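Count residues from 1 along the sequence. Computation of the quantities below employed the complete heavy-atom set of this structure, encompassing side-chain atoms and omitting hydrogens, waters and symmetry-equivalent molecules. Only a predicted model underlies this, so the values are computations on that prediction, with no experimental measurement involved.
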Amino acid sequence: MSFKPANNIQDLQYFGEFGGVNPSISDSSTYTFLSAKTMFDTFEGNADGCYLYSRHSSPSNLYLGEALAAMEGTETANVTSSGMGAITSVILQLCNAGDHVVSSRTIYGGTYAFLKNFTPKLNINTSFVDITNLEAVEAAITENTKMIYCESVSNPLLEIADIKGLAAIAKRHDLKLVVDNTFSPLSISPAKLGADVVIHSLTKFINGSSDTVGGVVCGTQDFINELRNVNDGASMLLGVTMDSLRASSVLKNLRTLHIRMQQHSKNGLYLAEKFEADGLKTVYPGLASHSSHTLFKDMMNTEYGFGGMLTIDVGSLDKANELMEMMQEKNLGYLAVSLGFYKTLFSAPGTSTSSEIPLEEQEQMGLTDGLIRFSIGLDADIKRTYNMMRSCMEELGILSTEEVTKVA
Ligand SMILES: *Cc1c(COP(=O)(O)O)cnc(C)c1O
């Protein structure tokens, strides 16, 4: 195993215009040419290293794209203005009217809404399946299917996709396997396991400072060229362009991703083990009780751990809300959606990030009322955080004092 995703980022060298240790930011929307012929060739995509207009491409965006491609082990990548910008352009690039998608039913709310409510307008229809059931995935494929879509670690239920298994199915039926890897950067490398296209919302762990929205599509040079084609490329024509200033700041944050992921994972595992021992219904891929624990272990780049996302079920929405408000009051984290911040973030997915999913379907997929999704922060003293969270749960009667002393 010589694939070292973090080193692949660290080993890239891009110098600035004056020998700066960071690449210069391209602060221009348009570029001049010495000859009209070169301008024409650039527009046609035949003049490597020349820039025309920053919606097409810009040096800053290319640097970030190359760093993310290095991390995922794909030929290249295209950065976008948001994760949804990456997802929607990939789907619209791969599917024409009349085509069909087989998607995991536990995916990001926005992606679910896009496939469920928006693409049917274009006569692109989706079957939502239990992605952990490979037979169900294969059974849902029709002669019009173009794509299997899933998340490596699903939102918010933390189901794990068997990427190798899905890639084999995709290959057998000549489909593209598209994997959203937002919850597990560095830990899982979907392209190495057979995914054709890997997507991230950069908004989350990769940028890690909750100060911007961004996305990326990692894939083959051919596919990225298609997305960027001036005549029929979805990224190009939908205009999901990232701003250069943002691309340069995301690139700088990316360089510390490996250290942050290790700390998110370390803290996540600590809390998950404690919560589970306290008798709370806890879901975390690093727990032996997780139904896909072995699968995750099988796929993971071990040094980055099982990630920073975990869920607990405290029985009811009222209890969940009380607990989140109290934890926020004690400065243990913020009641906020999103993830990958230095501070712990928590929310009740049923009423927030997954509210696009009808209640009945939420129930079917095990998205219960009392579920709290945690994005565990970079806390330096996670033991203290745990003790304080535990006292909140005691105070609210979620954990009885007896149970707690027994474990402690
Ligand atoms: C946040 C998120 C997205 C959407 O990304 P944006 O940057 O908000 O557009 C897609 N997939 C997953 C798994 C996410 O968590």
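We find the CD1-CD1 distance between I398 and I372 to be 6.5 Å, quoted to the nearest 0.5 Å. Put simply, OG1 on T203 and NE2 on H200 are 12.0 Å apart, with the number rounded to the nearest 0.5 Å. Rounded to the nearest 0.5 angstrom, N61 CG and M242 CE are separated by 7.0 Å. Atoms CG and OG1, on L202 and T80 in that order, are 6.5 Å from each other to the nearest 0.5 Å. Here the CE-OG distance, from M326 to S391, works out to 9.0 Å after rounding to the nearest 0.5 Å. Distance check: S89 OG to N78 CG gives 7.5 Å after rounding to the nearest 0.5 Å.
Residues F205 and H264 place their aromatic rings such that the two centres sit under 6.0 Å apart. In summary, the aromatic rings of Y53 and H56 are positioned with their centroids under 6.0 Å apart.
Heavy-atom neighbours of K319 NZ from other residues, nucleotides or ligands within 6.0 Å: above the threshold of 12. Taking a 6.0 Å sphere around CZ of R255, one finds it holds more than 12 heavy atoms contributed by other residues, nucleotides or ligands. The local environment of NZ in K343 is crowded, with over 12 non-hydrogen atoms from other residues, nucleotides or ligands closer than 6.0 Å.
When side chains are defined from C-beta on, I25 counts as touching L245, because their heavy atoms get closer than 4.5 Å. Side-chain contact between V137 and V102 is present, with at least one heavy-atom pair separated by less than 4.5 Å. Counting heavy atoms from C-beta outward, I206 and N253 have side chains that stay 4.5 Å or more apart. Counting heavy atoms from C-beta on, the side chains of L92 and I124 come closer than 4.5 Å. Between C50 and Y31, the closest side-chain pair of non-hydrogen atoms is not below 4.5 Å. Here the side chains of R55 and T241 are in contact, with some heavy-atom distance below 4.5 Å. Looking only at side-chain heavy atoms (C-beta outward), K4 and E303 come within less than 4.5 Å of each other. No side-chain heavy atom of C218 sits less than 4.5 Å from a side-chain heavy atom of V197.
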Between T111 and M84, does the side chain to side chain contact (heavy atoms under 4.5 Å, CB included) criterion hold? Intermediate values first, please. CA-CA 7 Å; T111 314; M84 283 309 295; 4.0 Å; yes
What's the verdict on salt bridge (charged side-chain N to carboxylate O under 4.0 Å, His left out) for D278 and K274, showing C-alpha distance, side-chain angles and the deciding distance? CA-CA 6 Å; D278 285 344; K274 289 290 189 185; over 6 Å; no
The test is side-chain hydrogen bond (donor to acceptor under 3.5 Å, both in side chains); show your working for N225 and Q221 and say whether it passes. CA-CA 6 Å; N225 287 351; Q221 188 70 55; 3.0 Å; yes
Could you give me the CA-CA distance, side-chain angles and deciding distance for L157 and V283, then say whether side chain to side chain contact (heavy atoms under 4.5 Å, CB included) is met? CA-CA 8 Å; L157 294 176; V283 175; over 6 Å; no
For I312 and M393, run side chain to side chain contact (heavy atoms under 4.5 Å, CB included): C-alpha distance rounded to whole Å, both residues' side-chain angles, the deciding distance at 0.1 Å, then the answer. CA-CA 12 Å; I312 58 172; M393 293 184 205; 4.0 Å; yes
Take Y51 and L62, measure what side chain to side chain contact (heavy atoms under 4.5 Å, CB included) needs, and give me the verdict at the end. CA-CA 11 Å; Y51 298 93; L62 291 189; 3.3 Å; yes
Report the C-alpha distance between T212 and R246 in whole Å, list the side-chain angles of each, state the deciding distance to 0.1 Å, and finish with yes or no for side-chain hydrogen bond (donor to acceptor under 3.5 Å, both in side chains). CA-CA 8 Å; T212 192; R246 274 310 183 188; 3.2 Å; yes
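Each of S189, S184, P185, P5 was compared with Y304 under the side chain to side chain contact (heavy atoms under 4.5 Å, CB included) criterion, and only P5 meets it. Among the candidates S57, S248, P59, the single residue satisfying the side chain to side chain contact (heavy atoms under 4.5 Å, CB included) test with S26 is P59. When the options N125, I87, I91 are evaluated for a side chain to side chain contact (heavy atoms under 4.5 Å, CB included) with L115, the one that passes is I91.
A salt bridge (charged side-chain N to carboxylate O under 4.0 Å, His left out) check over residues 65-74, counting only residues at least two apart or in different chains, returns nothing. Legend: salt bridge (charged side-chain N to carboxylate O under 4.0 Å, His left out) pairs involving residues 165-186, not counting sequence neighbours, sorted by first then second residue: E138-R172.
Using modelled atom types, one finds a donor on one side chain and an acceptor on the other under 3.5 Å when comparing T132 with D130. A donor-acceptor contact closer than 3.5 angstrom is absent between the side chains of R373 and T311. For N207 and D211, the side-chain atoms include at least one donor-acceptor pair closer than 3.5 Å. No hydrogens or angles considered: nothing links the side chains of E75 and T220 as a donor-acceptor pair under 3.5 Å. For the residue pair E151 and N155, no side-chain donor N or O sits within less than 3.5 Å of a side-chain acceptor on the partner. A donor atom on one side chain and an acceptor atom on the other are not found under 3.5 Å apart for S316 and D369.
Of all heavy-atom pairs between A191 and G73, the closest is CB-O, 4.5 Å. For L280 against D313, the heavy-atom pair with the smallest separation is CD2-O, 4.4 Å. In terms of heavy atoms, H100 sits closest to S127 at NE2-OG, 2.7 Å. Considering every non-hydrogen atom in both I163 and L193, the closest pair reads CG2-CB, 3.7 Å. The two residues A77 and G65 make their nearest non-hydrogen contact at CB-O, 3.3 Å. Taking every heavy atom of both residues into account, V129 and A140 meet most closely at CG1-CB, 3.7 Å.
Looking only at distances, no side-chain donor or acceptor of S375 sits under 3.5 Å from a matching main-chain atom of L339. A donor-acceptor pair under 3.5 Å is formed between the side chain of T385 and the backbone N or O of D381. The main-chain N or O of G85 is found under 3.5 Å from a side-chain atom of S82 such that the two form a donor-acceptor pair. No donor-acceptor pair closer than 3.5 Å links the side chain of E276 to the backbone N or O of L287. Side chain of S24 to backbone of E17: a donor-acceptor contact under 3.5 angstrom is found. When atom types are taken as modelled, the side chain of H293 and the backbone of P285 share a donor-acceptor pair closer than 3.5 angstrom. Under a 3.5 Å cut-off, the side chain of D379 and the backbone N or O of I382 do not form any donor-acceptor pair. Judged by distance alone, with hydrogens and angles left aside, the side-chain atoms of T344 form no donor-acceptor pair with the main-chain N or O of I376 at under 3.5 Å.
Cation-pi check for K121 over F118 is met; the charged atom lies under 6.0 angstrom from the ring centroid and within 45 degrees of its normal.
Note on ring orientation: taking the six-membered ring where Trp is involved, the planes of Y284 and F306 are perpendicular (angle over 60°, cut-offs 30° and 60°). Y112 and F128 have tilted rings, their planes meeting at an angle from 30° to 60° on a 0 to 90° scale.
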